[in-house]
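We name chains A, B, ... by the order of the sequence lines, and we start the count at 1 in each one. What you see below is based on every heavy atom in this structure, not just the backbone, and it leaves out hydrogens, waters and symmetry mates.
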Amino acid sequence: MTALTERQQLAYVDAQAADARVNVELETDEGMILNLGPQHPATHGTLRVTAKLDGEQVVWADVVPGYMHRGYEKLTEVRTYPQVTTLINRIDWLGSFANEVPFILAAEQLMEIEAPPRARCIRTILFEMARIANLVIFLGDLGVQLGAVTPTFYAFRDREHVLDQIEAVTGGRFHPNFDRIGGLKDDLPKGWIADTKAVMARIRSFCDEMEDLLFGNEIFEARTRGVGVIPAEVALAYGLSGANLRASGVDWDLRRDGGISGLAHDEVDWKVWTHPDGDSFARCWVRLQETREATHIVDQLCDGLPSGPIMAKVPRVIKVPPGEAYVETENPLGAMGYYLVSKGDLGPFRVKIRSASFSNISVVPWVLKGVYVPDIITILASLYFILGDIDR
Amino acid sequence: MAEATDTAAEEAQAPRDEEREALLAEMTEALGDAVVGSHVAPGRGLWLRVTRDAWYDAVETVKLRFGFTFFDFLSGIDWMPSPWGRYEDAAVDTGIPRPDPDAPIETGVAGGDTRFQVFCRLADVRRPAPHRNVVLKADLPDDDLRIRSIVPLFAGANWHERECWEMFGITFDGHPGLRHLYLPSEFEGHPLRKDFPLLARLVKPWPGIVDVEPMPDEAAPGDGDTAGGDA
């Protein structure tokens, strides 16, 4: 795609050297297998990483997911359409509302229903607030992986205000279950917009704090710059998406490029951030900028909120006409989509859930080749995954 | 050209999608006889069904010649109607008959002849070119559930093929390590096949009536499940 930078070339050389060493290691059966997880703080749940080491260097690594597999694809087949949103809320549990949106949009496509403009705007506001609630945890957690505990307290302090605002609308702090086919369950409560804008200002100052605390920090830079480099073509072949892909220099954001009609991102002025380096630092930096950008999107949408109904005309018993649809949106963790197959029944015939972390983490065996043991943690942290989003 | 092009019937009322139709024509020309079905949903997507033998070559052509370098996902579908229905013991209350498990298999868009299908989605994310994408499908005969692995083309297909293998029992020839991904290695059966029972529901069927309780005549304002809204 683009010419390799010096840093990327070095990463390639490292990886190839490690590749050559694997054969020797396996034959002599020397070296050591390091087992990380399934219950390790850096895995945010139960992910297991095994790595074969040569001294301090990883020669070969494997990821074992599945400790939390809940079989959502099978369960959706015995649920009605309104019931499915309850399930899929629990995929990426830090930004739950964002999980519902692509499924609802896919069902709306098949039913040929469009949500009214006000519903589209409020949907987008909540979608971006889910992103903030998710990414704020990322920024706070980042420090912990490097031994700095303070940012976590800042993150949880400020995230609380975002959750309060989400709760004020939806009644749920973690699992809103608020999106409906054809619109939203309810309108915004009184006084909500002013409060939200104050919270957004607060999040912006949180981002400034994080930038001062972490991103200028010498140790942070030393641990992340040039570590875990993923070139653009590798990222694309592994299906990486979201900030991980944009940090490898690919200018692609489904909010702008996806042609999604059910959200209102095209009505506001915002920017897609990319970084050319493809290393851990780039991934963290892109997410920091995206958090800021999301607050601007929310602010603009709050200012220009149209009046009108929040629900389109929808039949009482929801039956989706036969057909297939796939809708993908830019969720906090990356591209998330639902391939919905309907046979005209009360519930879906088959739902394929394309979750972002699943593809994002599948690159780990590739990227860990040749890195040093402490970098495993920073690379996992910067790739950023939610266990529920891998295991579904 | 394609024998099962089901856009013809919709053309009369539906809006045309010239961009996708042009892409379909280009791809059909490039892939030749490999294409056995296609479907364009205006503004929504493009589906292309290829023969099983041409699966790898089709993916390669779409990647290298058309520049669809982003691997989105790969999975399978079991088109058999579920012998267990929706596990509801209260089919009466919906007024909707239970799906007939003995009904002939009906496949989705772009057609299909067999019970199992593999499908994958590829996208072109270059800018400023428009974001383009395609869903490729391939039928698998019931007695020989094998297809060539596309891992050499898209390294990311590795996990997706492992998942598809354990969930549907479809073997991917040439895969570098086809083993369980989510399930324990001693697990028997393929959970996403329609004839694999969902035991929790068999033990205690879902009381379907809860979900179709008749709504009061006057819809409560803002109640999302009813026909409220702008009335």
- Message: Which atoms of B:Ile150 are under 4.5 Å from chain A, going by heavy atoms: the side chain, the backbone, both sets, or neither?
- Response: neither
- Query: Do B:Arg44 and A:Tyr326 touch side chain to side chain, with heavy atoms closer than 4.5 Å?
  - Reply: no
- Which bit of A:Asp391 comes within less than 4.5 Å of chain B, counting heavy atoms only: side chain, backbone, both or neither? both
- Message: Is the shortest side-chain heavy-atom distance between A:Ser241 and B:Phe70 below 4.5 Å?
- Response: yes
- Query: Can you tell me how far the CG atom of A:Leu236 sits from the CZ atom of B:Phe68, to the nearest 0.5 Å?
  - Reply: 13.0 Å
- Note on the structure: Honestly, the part of A:Ala335 sitting under 4.5 Å from a heavy atom of chain B is neither
- Message: What's the separation between atom OG in A:Ser359 and atom NE2 in B:His160, rounded to the nearest 0.5 Å?
- Response: 3.5 Å
- Query: Which bit of B:Arg179 comes within less than 4.5 Å of chain A, counting heavy atoms only: side chain, backbone, both or neither?
  - Reply: side chain
- Check whether any side-chain heavy atom of A:Lys343 sits under 4.5 Å from a side-chain heavy atom of B:Trp79, and report yes or no. yes
- Item | Flag side-chain contact, heavy atom, 4.5 Å: A:Arg392 against B:Glu163 | yes
- Item | Spacing of A:Trp252 atom CH2 and B:Asp124 atom CG [to the nearest 0.5 Å] | 10.0 Å
- Heavy atoms of B:Ile77 and A:Arg350 approach each other most closely as CA-NE, 4.1 Å
- Non-hydrogen atoms of chain B under 4.5 Å away: do they reach the side chain of A:Phe178, the backbone, both or neither? neither
- Item | Flag side-chain contact, heavy atom, 4.5 Å: A:Glu233 against B:Thr69 | no
- Query: Hey, do the aromatic rings of B:Phe154 and A:Tyr238 have their centres closer than 6.0 Å?
  - Reply: no
- A:Glu324 CD to B:Phe119 CZ distance, which is reported to the nearest 0.5 Å: 7.5 Å
- Message: Determine whether A:Asp257 and B:Val125 satisfy the following criterion, side chain to side chain contact (heavy atoms under 4.5 Å, CB included), listing intermediate values before the conclusion.
- Response: CA-CA 9 Å; A:Asp257 306 321; B:Val125 300; over 6 Å; no
- Item | Test item: B:Leu181 and A:Pro65 side chains (from C-beta on) under 4.5 Å apart, heavy atoms | yes
- Which one of B:Trp47, B:Phe73, B:Phe71 has the most heavy-atom pairs closer than 4.5 Å to chain A? B:Phe73
- Query: Contact part of A:Val64 toward chain B, heavy-atom cut-off under 4.5 Å: side chain, backbone, both or neither?
  - Reply: neither
- Contacting region of A:Asn360 [heavy-atom separation from chain B under 4.5 Å]: neither
- Item | Under 4.5 Å from any heavy atom of chain B - which part of A:Leu110 | side chain
- Query: If you count heavy-atom pairs under 4.5 Å with chain A, which of B:Gly76, B:Ala123, B:Ala157 comes out on top?
  - Reply: B:Gly76
- Message: Quick check for you: to the nearest 0.5 Å, what is the distance between A:Glu328 atom CD and B:Arg121 atom CZ?
- Response: 5.0 Å
- Query: chain B heavy atoms under 4.5 Å from A:Phe358: which part of the residue, side chain, backbone, both or neither?
  - Reply: both
- Can you find a side-chain donor-acceptor pair between A:Arg354 and B:Ser75 that sits under 3.5 Å? no
- Task: Using non-hydrogen atoms and a 4.5 Å limit, figure out which bit of A:Leu240 sits close to chain B: side chain, backbone, both or neither.
- Result: backbone
- Task: Let me know if B:His180 has heavy atoms under 4.5 Å from chain A in its side chain, its backbone, both or neither.
- Result: neither
- Message: Between B:Asn133 and chain A, with a heavy-atom cut-off of 4.5 Å, which part of the residue counts as in contact: side chain, backbone, both or neither?
- Response: neither
- Task: Rounded to the nearest 0.5 Å, what's the gap from CD on A:Glu77 to NZ on B:Lys194? Could you check?
- Result: 3.5 Å
- Task: Check each atom of B:Leu183 against the heavy atoms of chain A and say whether the ones under 4.5 Å are side chain, backbone, both or neither.
- Result: side chain
- Query: Can a salt bridge be assigned to the pair A:Lys352 and B:Asp72 using a cut-off of 4.0 Å between side-chain N and carboxylate O?
  - Reply: no
